[in-house]
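Since the structure comes first, as structure tokens, the remarks are kept for the end.
What you see is a predicted model, and the numbers here were worked out from it, not measured in a lab.
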Amino acid sequence: MSAGTGNITKDKEGIGQMFDSIARRYDFLNHFLSFGIDRRWRRKAVKKIFERFVKPAILDVATGTADMAIEAARYGPRKISGIDISPKMLEIGRKKVSERDLGNIIELLECDSENICFPDCSFDAAMVAFGVRNFSDPLKGLAEMRRVLVPGGMAVVLEFSRPRGFIFKHLYNIYFALLLPYTGGLISKDRRAYRYLNQSVMGFADNEKFMKIMKGAGFYDIKQERLSAGIVTIYSGVNNQIQ
């Protein structure tokens, strides 16, 4: 679960500072507040890439502490480049990569997700987990992901979505509006970050609206898979552009 700026002003400096402020407790809170299900979500998203490619070069956008990149490393990629704008998150991510002896596969770079620091056609696949809703311009960020993909390359987006069932949707809203901001703020010592998490999820253009944004960014064969009763959704799309 990524967090962002405090009052939904999605300036990049503010987002980076917010990530820095919660970096130390970030991994613990992700697993604690999702009851550990976030690991399974990431695994299912990563597998979609390896169903299409053998030994792909992968870009992990908004990598944070590199959980998604580390999960992908289990399946034998050629290389993984993770990018993020938070130095403290990257510092923790590099430590985790080093502890797992994955430095020959995973590199982590400080880089803007909406101005990606790689040339065209650099990767077979790009992935982002719980980060798109923090883009100041999701269309631009997705278009940048498409730009660095080879023709026929694949983008996979894992993001929160809103469940549709009345009762479960009501419980979900209570959890995100009350329990998560209180608990996350208490443990991380930054209440703004977890208030923002609620606001950003509720304001995110999910399902068909997000698929339309992906289409506008140049992707085709766009699909979605809703997980855990619709709490999160995996979106995927293929690069539609001749480079």
task: Could you tell me whether the side chain of Arg42 reaches within less than 4.5 Å of the side chain of Phe130, counting heavy atoms only?
output: yes

query: Any donor-acceptor pair under 3.5 Å linking the side chain of Glu71 with the backbone of Val46?
result: no

- prompt: Can you say whether the rings of Phe210 and Phe204 are parallel (under 30°), tilted (30 to 60°) or perpendicular (over 60°)?
  reply: tilted

- request: Output yes when Lys88 and Glu91 qualify as a salt bridge under the 4.0 Å nitrogen-oxygen rule, no when they do not.
  value: no

task: Any chance you could measure Asn240, atom CG, to Leu149, atom CG, to the nearest 0.5 Å?
output: 12.0 Å

Donor-acceptor contact present, side-chain Glu114 to main-chain Phe135, <3.5 Å: no

message: Can you tell me how far apart CG (Asp38) and CE (Met68) are? Round to the nearest 0.5 Å.
response: 11.0 Å

task: Apply salt bridge (charged side-chain N to carboxylate O under 4.0 Å, His left out) to the pair Arg133 and Glu159, showing each step before the final yes or no.
output: CA-CA 8 Å; Arg133 73 179 186 280; Glu159 191 52 86; 2.5 Å; yes

query: When you measure from the side chain of Asp206 to the backbone N and O of Arg162, does any donor-acceptor pair fall under 3.5 Å?
result: yes

field: Pairs meeting criterion side chain to side chain donor-acceptor pair (under 3.5 Å) with involvement of residues 43-55, two or more places apart
entry: Lys48-Glu225

- request: Would you indicate whether Asp101, at its atom CG, is surrounded by more than 12 heavy atoms from other residues, nucleotides or ligands within a distance under 6.0 Å?
  value: no

query: For the atom pair CG (Asp112) and CD (Glu144), what is the distance rounded to the nearest 0.5 Å?
result: 8.5 Å

message: Could you report the tightest heavy-atom contact between Leu109 and Phe118, atom names first, then the distance?
response: CD1-CZ, 3.5 Å

field: Check: Phe219 main-chain N/O paired with Arg146 side-chain donor or acceptor under 3.5 Å
entry: no

- prompt: For Ile106 and Ala73, which heavy atoms make the closest approach, and how far apart are they?
  reply: CD1-CB, 4.0 Å

message: Looking at every non-hydrogen atom in both residues, tell me the closest pair between Ser161 and Gly230 and how far apart they are.
response: OG-O, 2.7 Å

query: Going from CG on Leu227 to CH2 on Trp41, what distance comes out if it is rounded to the nearest 0.5 angstrom?
result: 8.0 Å

- request: Only pairs at least two apart or in different chains count here, so list each side chain to side chain donor-acceptor pair (under 3.5 Å) that has a residue in residues 209-221.
  value: none

